[in-house]
Amino acid sequence: MVQVSVHINPFLPATPHLPTRRKLTWKISEADSSSSSASSSCGYSYDKQRTDGQLVFPKKKRSRVFFLDVNPLCYAGSKPSLHSFANWVSLFFNHVSLSDPVIAVVDGERGSEHRRQLLPSYKTHRWKLSRQFSKGHVGRSHGLITDVFTKCNVPVIKIDGHEADDVIATLVEQVLQLGYQAVIASPDKDFKQLLSEDVQIVMPLDDLERWSFYTLKHYMAQYNCDPCCDLSLRCIVGDQADGVPGIQHLAPGFGQKTALKLLKKHGSLENLLNIASVRTVGRQYAQDALTKYADYLRRNYEILALRRDVNVQLKEEWLVPRDTSNDSNTMSNFFKFLEETKEFIHQNGSISNG
């Protein structure tokens, strides 16, 4: 019987929360290595398969961290609504995140200012509603929302001068570097630019009154291209929800089909614009639009691209499996509070409870 040393580098928790790499050496007899499967004493199960004389161990499934984009959940259609917030958060806790870590993120004060300087129409509708949302009795809304999350053991992050989207994008990169998978809970399609094998989106579906996962596979099936093209695509076709116009009104016929075809062939918007500046890349109307409106498209890119450099640092305690013992009581009390104050809120005309 010949002894074979096998060296692997799995993720093992150095603390209960943060994974790190540690080198392990197991000694397995060559006679035993022919068996189909085995399990280690430290809890990693694996199949013993030989590939060029080496054993292959499947990776352990990584833990997930959820990021909750709070602001869009506080609307029923175009109407600010704390009842909508309560409904979606309750469904989220009960059916989606369960005991996985959740980090709630809200827009900071003046978060959209930089983008609005580039494009005054950027999120103007949301801006007006957010101002309405902060008047009178509803000025307490942020405190009420924070109180709900605190009681449910969810940290609430607000960075003044930055939108929640940019804060989430920054924190997603940090959790990926630590070996976690990230799930972004939001109806905002801006997050599609972050999709990967390790980043998923879960969206609230109003018609079905439930959350639904949207993954890399869904994106590929919908657009037949990589999510890295999503940002470039929206720069060309525009984003109506954010008030960012595309170039269809400037170049009739240059729609999503043409944009996808060019981006699949040439990659990113910047690469497409650079190539179009020196040679023809498509039909004349597309060629003219790409050369004439290059600055327009680059401005759209600056507006729609999520930033990853916000000054926010992930904390270890945010990655703890969430204690859900207070969820039911907290949400029940919040719904009761909304019903009790419904008449008062309607009289002040600031917000609808749905």
Side-chain angles (χ1 to χ4, degrees), residues 67-82 84-85 88 103-136 138-146 149 155-174 184-195 201 203-204 230-247 249 269 295-313 350-352:
F67 293 91
L68 191 58
D69 183 17
V70 177
N71 289 67
L73 303 181
C74 299
Y75 292 83
S78 61
K79 222 174 184 181
S81 171
L82 285 176
S84 174
F85 161 79
W88 285 118
I103 300 171
V105 186
V106 299
D107 288 335
E109 299 295 332
R110 306 174 307 282
S112 303
E113 204 167 90
H114 170 68
R115 289 181 170 99
R116 195 167 289 119
Q117 287 175 354
L118 295 172
L119 181 65
S121 65
Y122 177 74
K123 290 187 178 179
T124 50
H125 184 54
R126 297 190 194 182
W127 179 63
K128 290 175 183 176
L129 288 171
S130 68
R131 291 190 65 177
Q132 178 188 8
F133 199 46
S134 65
K135 291 179 181 178
V138 187
R140 297 174 52 202
S141 60
H142 179 72
L144 293 171
I145 289 169
T146 300
F149 284 132
V156 181
I157 315 303
K158 178 182 179 183
I159 308 296
D160 287 344
H162 295 283
E163 294 185 68
D165 299 12
D166 297 322
V167 176
I168 290 173
T170 300
L171 291 173
V172 163
E173 283 210 346
Q174 293 180 24
I184 302 167
S186 174
D188 196 335
K189 58 187 177 184
D190 291 348
F191 290 115
K192 288 183 179 180
Q193 62 190 269
L194 301 181
L195 282 170
I201 301 172
M203 300 177 173
D230 184 75
L231 175 58
S232 297
L233 175 63
R234 288 193 300 118
C235 291
I236 296 172
V237 301
D239 188 328
Q240 186 176 2
D242 286 348
V244 180
I247 60 173
H249 65 293
L269 174 66
D295 290 342
Y296 179 95
L297 292 169
R298 288 189 173 101
R299 182 210 60 183
N300 279 2
Y301 190 95
E302 185 175 354
I303 293 168
L304 293 172
L306 296 182
R307 295 181 56 181
R308 324 288 175 89
D309 60 351
V310 177
N311 185 21
V312 58
Q313 189 60 45
S350 299
I351 186 173
S352 166

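What you see is a predicted model, and the numbers here were worked out from it, not measured in a lab.
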For a side-chain contact (heavy atoms from CB on, under 4.5 Å) check, start with the C-alpha distance between L82 and I145, then their side-chain angles and the critical distance, and finish with the verdict.
CA-CA 8 Å; L82 285 176; I145 289 169; 4.1 Å; yes
Using the rule given for side-chain contact (heavy atoms from CB on, under 4.5 Å), can you reason through K158 versus E109, listing the C-alpha separation, both sets of side-chain angles and the distance that settles it, and then say yes or no?
CA-CA 8 Å; K158 178 182 179 183; E109 299 295 332; 3.2 Å; yes
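Atoms CG and SG, on N300 and C235 in that order, are 5.5 Å from each other to the nearest 0.5 Å. The distance from the CG atom of D242 to the CD atom of Q240 is 10.5 Å, given to the nearest 0.5 Å. Here the CD-CD1 distance, from Q117 to I303, works out to 11.0 Å after rounding to the nearest 0.5 Å. Atom-to-atom distance recorded for I157:CD1 and L68:CG is 12.0 Å, nearest 0.5 angstrom. In this structure, CD1 in I184 is found 7.5 Å from CZ in F67, a value given to the nearest 0.5 Å. Atom CG of residue L306 and atom CD of residue E163 lie 9.0 Å apart, to the nearest 0.5 angstrom.
For D309 (side chain) and T170 (main-chain N/O), no donor-acceptor pair under 3.5 Å exists by modelled atom type. The closest donor-acceptor contact from the side chain of E173 to the backbone of R308 lies at 3.5 Å or more, if one exists at all. A donor-acceptor distance shorter than 3.5 angstrom exists from the side chain of N71 to the backbone of D107, with no hydrogens or angles considered. Not a single donor-acceptor pair under 3.5 Å links the side chain of D239 to the backbone N or O of R234. A donor-acceptor pair under 3.5 Å is formed between the side chain of Q193 and the backbone N or O of L304.
Contact check for F149 versus V70: side-chain heavy atoms found under the 4.5 Å cut-off. Here the side chains of F191 and D69 are in contact, with some heavy-atom distance below 4.5 Å. Using a 4.5 Å heavy-atom cutoff, the side chains of I159 and N311 are not in contact. In this structure, the side chains of P72 and W88 stay at 4.5 Å or more apart for every pair of heavy atoms. No side-chain heavy atom of S186 sits under 4.5 Å from any side-chain heavy atom of I168. At a threshold of 4.5 Å between non-hydrogen side-chain atoms, the residues Q174 and Q313 count as touching. I236 is listed as a side-chain neighbour of I247, based on a closest heavy-atom distance under 4.5 Å.
The nearest pair of heavy atoms linking Y75 to S84 is O-OG, 3.0 Å.
Residues R115 and D165 are not paired through a salt bridge, judged by the lack of any N-O separation under 4.0 Å between the basic side chain and the carboxylate. Looking at D295 and R299, no side-chain N of the basic residue comes within less than 4.0 Å of a carboxylate O on the acidic one, giving no salt bridge.
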